[in-house]
Structures are given as C-alpha cells and as structure tokens.
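Convention: sequence-line order gives letters A, B, ...; per-chain numbering from 1.
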Protein chains: 2
Amino acid sequence: MDKLSLGTLGQHLQTLRLAQGWSLSQLAAAAGIAKSNLSRLEQGNGNPTLDTIWRLAVQLKVPFGTLVAPIAVPLGEDGVEVRLLDQGKDHPQVDAYWMRCAPHTTRRAEPHTPGARESLTLISGTLEAGPEGATKRLSAGDTLTFAADCPHLYRTRDTWATLLLSVVYHEETTS
Amino acid sequence: MDKLSLGTLGQHLQTLRLAQGWSLSQLAAAAGIAKSNLSRLEQGNGNPTLDTIWRLAVQLKVPFGTLVAPIAVPLGEDGVEVRLLDQGKDHPQVDAYWMRCAPHTTRRAEPHTPGARESLTLISGTLEAGPEGATKRLSAGDTLTFAADCPHLYRTRDTWATLLLSVVYHEETTS
DNA sequence: CCGAACTGTTCCTTTTAACGAACGTTCTAT
DNA sequence: ATAGAACGTTCGTTAAAAGGAACAGTTCGG
C-alpha cells in the first residue's frame with residue numbers, strides 16, 4: 001500500500017457522481033454536506049473527514065474503500081495492482097486478493113508453501129495463468145484452480161484483466 | 001450501508017494495534033501522527049481525516065476499508081453481510097462480492113438471468129451452497145461453480161463462513 | 001532509592017476542514 | 001430581453017481535527 005493521492009479521490013468522486021446522474025448540489029444536499037465542501041474535494045484539494053467520506057459513500061452506494069482506493073488507478077511498477085481483501089483464520093489458511101493487470105504484462109510468482117493451491121475468477125478481460133509451462137487462457141467469468149507450490153505466472157495480451165485470487169495454504173481437504 | 005460508528009473504529013483500531021504488538025506511542029510515531037490524536041481515536045471520540053486513517057491503515061497493513069467497516073461487525077437482519085467488490089465491464093458481465101454468513105443462517109437467492117453461473121471460494125468456515133436440492137458442502141479453501149438461473153441458497157451450520165462470490169451473467173464461453 | 005524510559009492520558013495551541021453566503025454562468029420560460 | 005432557477009465556483013467565518021507539551025502511572029536497571 002502506497003501513498004495517499006487526493007487527486008484520484010476527486011476524479012473518482014466526480015466519475016461516480018456523474019455516472020449516477022447526480023448534480024454536485026444534489027449530492028451535497030442528499031449527503032448533508034456543504035456543496036463548497038464537495039466542490040473542493042472533487043478538485044483534488046482537501047483532506048476529507050471520515051464522516052464526510054462516509055456520507056458520500058452511502059449516497060453513491062459504493063463499498064467505501066472504493067472511493068479512496070479507486071479501481072481505475074495507475075498501477076504498480078510491474079503493471080500489476082494487488083489488494084488484500086481478506087484473510088481466513090481457519091485451517092487451511094486462505095488469503096483473498098483482488099488483482100488487476102495492465103495489457104502486455106507478465107507477473108511471475110514464486111512458489112508458495114508445499115501443497116498450496118490458487119483459485120482465480122476473472123472479472124473482466126482475458127488472462128493466461130497457471131503453473132509455468134501449464135498455463136490456461138481465461139476470459140471474463142472463467143475460473144481456474146491450480147497448484148501454487150511451483151513457479152506460476154499471470155500474463156495479459158492486449159487487454160486489461162481484473163480477477164479475484166485466493167491462495168490456499170497447506171491444503172487439507174481434497175475436493 | 002448504515003450509519004457511521006466512531007466507537008467501532010476505535011475498538012477495531014486498538015485490536016489491530018495490540019494484535020501486531022505495537023504500543024500506542026510506537027504506532028503514532030511510525031504513522032507520523034501525534035499520539036494524542038491516536039489516543040483520542042481509540043477512545044471513540046473524533047472524526048479522523050482521510051490522511052490520518054490512511055497512515056494508520058498502511059502501518060497496520062490492512063486494506064483500509066477494514067478499518068472503518070470492520071469485518072467482525074454485526075450483520076444484516078438475515079445474518080448475512082454482502083459487499084460489492086467489483087463489477088466487470090466486459091461480456092459476460094461479472095459481479096464480484098465478498099460475503100459473510102453468521103452461524104445457523106440460510107440465505108435463499110432468487111434465480112438470476114438465464115445462463116447465469118456463480119463461482120465461490122470459501123475463505124474461512126464451512127458452508128453448504130448451490131442450487132436448491134443440489135447443494136454441496138464446502139470448507140475453507142474450497143471452490144464451487146454452479147448454475148445460478150434457478151433458486152439457490154447458502155447455509156451455515158455452527159460456524160461462520162466468509163467467501164468470495166462471483167456472479168457471471170449470460171454465459172458466452174463454455175470452459 | 002531514584003533516575004530513566006516507557007506506557008497512555010489530558011490539557012492548550014495551531015491548523016484546517018466544513019459551513020454558508022455571495023458570486024459569475026448557463027439554460028429555460030415568460 | 002429578462003426574471004427565475006438551476007449549475008459549480010470562490011470567499012470569509014466558525015467549528016473541530018491535528019499537533020505538542022506536560023501529566024500521572026509503570027516498569028526497568030544502577
């Protein structure tokens with residue numbers, strides 16, 4: 001997780017507002033905040049209060065984190081953006097990630113612990129993924145499960161790819 | 001999405017800090033905020049700035065939304081909490097959800113559009129899910145894909161269940 | 001026994017986010 | 001044309017969040 005970008009929040013805020021047909025004045029009134037406040041936020045200046053963000057997120061019907069860590073954000077150095085969604089506390093241990101890959105990028109991943117497996121579901125775009133040498137091509141809606149205790153990779157061609165990724169350590173069940 | 005609870009944030013903030021072995025002074029210093037600020041927040045008073053929350057989330061290594069919309073929060077009326085993670089823009093259309101079910105609850109879902117399928121990955125707990133009459137039992141790390149154009153359900157027994165859920169509308173590919 | 005280093009809290013001060021009114025625009029209707 | 005009502009902006013004021021120092025309560029070691 002990197003640095004906070006105020007400009008991104010502003011852009012994303014405005015995008016969401018327009019997409020839902022709100023005017024700035026309307027949204028401000030509905031959220032119960034001054035429109036001068038909202039105006040400043042959309043311009044990228046300002047450092048909103050949790051209360052303010054919350055009120056806006058409710059009106060825009062977005063899961064909150066979406067507002068500040070926008071999905072359509074410039075990515076990391078390797079063209080891949082990864083967010084930890086949740087971590088299971090049971091056995092086997094499961095880590096859930098949201099991942100987004102720019103076009104024409106390849107991300108190589110080190111082997112995880114022995115017996116580890118990965119499951120992924122493609123949300124949009126196309127992707128080639130799996131153990132090195134045994135990758136599969138996926139398109140939106142497809143799912144894939146493969147052994148992750150060996151080097152594996154994710155590769156895009158000329159499209160973006162967004163996916164959910166779960167890493168299952170120390171597999172116990174065999175279903 | 002309901003109202004903002006400041007107390008919950010404070011509790012959750014403190015829980016995370018202690019779980020990672022930080023002292024209040026240490027965390028405040030590492031995050032670059034005044035410890036008086038952090039102290040007040042943990043007590044449930046105050047309405048932190050986005051910058052403040054961000055700095056804390058980075059240090060605590062949590063995906064941000066986790067801080068303010070804690071995972072261990074009381075759930076909806078039916079004992080099920082659902083958050084929209086992402087929506088694909090391609091065809092087929094894919095909606096990605098994070099879902100958490102309390103013990104001993106059953107959630108029935110209406111059929112989606114014809115040809116729709118669902119894929120789910122269990123992060124923790126155990127769950128029985130699938131088309132009504134053809135459900136399967138899952139434990140942490142398991143995945144399941146089933147036709148969702150008929151009534152289907154999710155049922156927990158004596159454990160919580162957390163899972164990722166993808167709804168794929170109007171299936172085009174058949175892989 | 002007592003200073004030193006730490007814990008977390010409570011003040012007071014400074015900074016600044018939020019408010020509310022006024023502003024210049026644009027568009028519609030009378 | 002012109003009053004009206006929207007739009008989004010900019011400004012000065014006010015309320016409050018963040019900073020900083022002093023505080024009492026612990027846990028050390030000499």
Report, one line per pair, each donor and acceptor closer than 3.5 Å where one atom sits in a side chain of residues 22-37 of chain B; sequence neighbours left out.
from, atom 1, to, atom 2, distance (Å)
B/Ser23, OG, B/Ser25, N, 3.4
B/Ser23, OG, B/Gln26, N, 3.1
B/Gln26, OE1, B/Ser23, N, 2.9

Taking atom [atom2] of [N] as reference, at what distance in whole Å does atom [atom1] of [X] sit?
X: B/Arg55; N: D/dG19; atom1: CZ; atom2: C1'; result: 12 Å
X: A/Asn45; N: C/dT16; atom1: CG; atom2: C1'; result: 13 Å
X: A/Leu41; N: C/dA17; atom1: CG; atom2: C1'; result: 9 Å
X: B/Leu38; N: C/dT10; atom1: CG; atom2: P; result: 14 Å
X: B/Asp51; N: C/dT15; atom1: CG; atom2: P; result: 17 Å
X: B/Leu27; N: C/dT7; atom1: CG; atom2: C1'; result: 14 Å
X: B/Asn47; N: C/dA18; atom1: CG; atom2: P; result: 8 Å
X: A/Leu50; N: D/dA16; atom1: CG; atom2: P; result: 16 Å

Mind checking side chain to side chain donor-acceptor pair (under 3.5 Å) for B/Ser119 and listing every partner two or more places apart, or none if nothing turns up?
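Partners of B/Ser119 under the side chain to side chain donor-acceptor pair (under 3.5 Å) test: B/Thr145.
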Are the side chain of B/Gln43 and the backbone N or O of B/Gly10 linked by a donor-acceptor pair below 3.5 Å?
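Checked: no pair found.
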List DNA chain D stems (3 or more consecutive Watson-Crick/G-U pairs, under 3.5 Å)?
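Paired runs of 3+ in DNA chain D: C:3-5 with D:26-28, C:9-23 with D:8-22, C:25-30 with D:1-6.
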Might you work through the side chain to side chain contact (heavy atoms under 4.5 Å, CB included) test for A/Glu118 and A/Tyr97, ending with a clear yes or no?
CA-CA 11 Å; A/Glu118 286 193 13; A/Tyr97 297 93; over 6 Å; no
Looking at B/Thr49, I'd like to know whether one of its side-chain N or O atoms comes within less than 4.0 Å of OP1 or OP2 on C/dT16.
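Checking C/dT16 against B/Thr49, no side-chain N or O comes under 4.0 Å of OP1 or OP2.
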Between A/Thr52 and C/dA18, is there a side-chain N or O to OP1/OP2 distance below 4.0 Å?
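Checking A/Thr52 against C/dA18: at least one side-chain N or O falls below 4.0 Å of OP1 or OP2.
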Under the side-chain contact (heavy atoms from CB on, under 4.5 Å) rule, collect the residues that match up with A/Glu132, sequence neighbours excluded.
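Applying side-chain contact (heavy atoms from CB on, under 4.5 Å) to A/Glu132 gives A/Arg108, A/Pro151, A/Leu153.
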I'd like to check the side-chain contact (heavy atoms from CB on, under 4.5 Å) partners of A/Thr15; sequence neighbours left out, ordered by chain and number.
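Once residues adjacent in sequence are excluded, A/Thr15 has no partner under the side-chain contact (heavy atoms from CB on, under 4.5 Å) criterion.
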Give the intermediate values and the outcome of side-chain hydrogen bond (donor to acceptor under 3.5 Å, both in side chains) for residues A/Thr156 and A/Thr105.
CA-CA 6 Å; A/Thr156 52; A/Thr105 57; 3.3 Å; yes
Before accepting this row, confirm whether a basic side-chain N of the pair A/Lys136/A/Glu128 lies closer than 4.0 Å to the acidic partner's carboxylate O.
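No, no charged N to carboxylate O under 4.0 Å.
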At a cut-off of 3.5 Å, list every protein nitrogen or oxygen paired with a nitrogen or oxygen from nucleotides 8-11 of chain D, distance to 0.1 Å.
from, atom 1, to, atom 2, distance (Å)
D/dG8, OP1, A/Arg17, NH1, 3.2
D/dG8, OP1, A/Leu24, N, 3.2
D/dG8, OP2, A/Leu24, N, 2.7
D/dG8, OP2, A/Ser25, N, 3.2
D/dG8, O6, A/Lys35, NZ, 3.4
D/dT9, OP2, A/Ser39, OG, 2.7
D/dT10, OP2, A/Gln43, OE1, 3.4

Parallel, tilted or perpendicular: which one describes the rings of A/His152 and A/His112, with boundaries at 30° and 60°?
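Taking A/His112 first and then A/His152, their aromatic rings stand perpendicular (interplane angle over 60°).
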